[in-house]
Amino acid sequence: MAEQLTELNFREKTANGVVLVDFFATWCGPCRMLSPIVEDIAAESDGSYAVYKVDIDEAGDIAMDFGIMSVPTLILFKNGVEAARMIGVQPKATLLNAINSLK
């Protein structure tokens with residue numbers, strides 16, 4: 001299961017390697033549709049990438065820092081720097097291709 005990040009551990013967890021972060025809200029229907037895909041990708045990780053989630057209602061400062069205007073928003077980080085951003089529900093293959101392109 002993808003760990004949920006907070007304002008206390010966000011920078012540390014996204015600082016190294018390839019990291020996919022799912023910005024979501026519990027009240028968001030498309031977020032609920034995307035969640036099983038994100039969880040599958042997290043479960044399949046071989047350690048070459050990490051997957052985390054950020055609840056925008058609980059971590060509003062992080063969402064504001066990254067200009068999250070709609071959810072779900074997925075941001076791929078490489079060594080702490082935003083490398084790609086996708087908004088809305090994405091197919092698993094699209095997410096895996098994006099992750100693999102950064103490894």
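Cation-pi geometry between Lys53 and Phe24 is met: under 6.0 angstrom from the ring centre, within 45 degrees of the axis.
Judged by distance alone, with hydrogens and angles left aside, the side-chain atoms of Asn9 form a donor-acceptor pair with the main-chain N or O of Thr6 at under 3.5 Å. At least one donor-acceptor pair under 3.5 Å links the side chain of Lys78 to the backbone N or O of Leu102. Distance alone, capped at 3.5 Å, places no donor-acceptor pair between the Arg85 side chain and the Leu74 backbone. Of the possible polar contacts, none joining the Tyr52 side chain to the Phe10 backbone as a donor-acceptor pair under 3.5 Å is found. Not one N or O on the side chain of Ser45 forms a donor-acceptor pair closer than 3.5 Å with the backbone of Ala42.
Hydrophobic clustering, with ILVMFWY side chains joined whenever heavy atoms are under 4.5 angstrom apart, keeps Tyr49 apart from Val19.
Between atom CD1 of residue Ile75 and atom CD1 of residue Ile87 there is a gap of 8.5 Å, rounded to the nearest 0.5 Å. Note that CD1 of Ile62 and CD1 of Ile68 are 10.0 Å apart. Values are rounded to the nearest 0.5 Å. Of the inter-residue distances, the one linking Asp22 atom CG with Gln4 atom CD reads 9.5 Å to the nearest 0.5 angstrom. Remark: Thr73 OG1 to Ile56 CD1 distance equals 8.0 Å, nearest 0.5 Å. The CD1 atom of Ile41 sits 8.0 Å away from atom CG of Leu34, with the distance rounded to the nearest 0.5 Å. Atoms CD and CD, from Glu39 and Glu44 in turn, are 11.5 Å apart once rounded to the nearest 0.5 Å.
Between Phe66 and Phe23, the ring planes lie tilted relative to each other; the angle falls in the 30° to 60° range.
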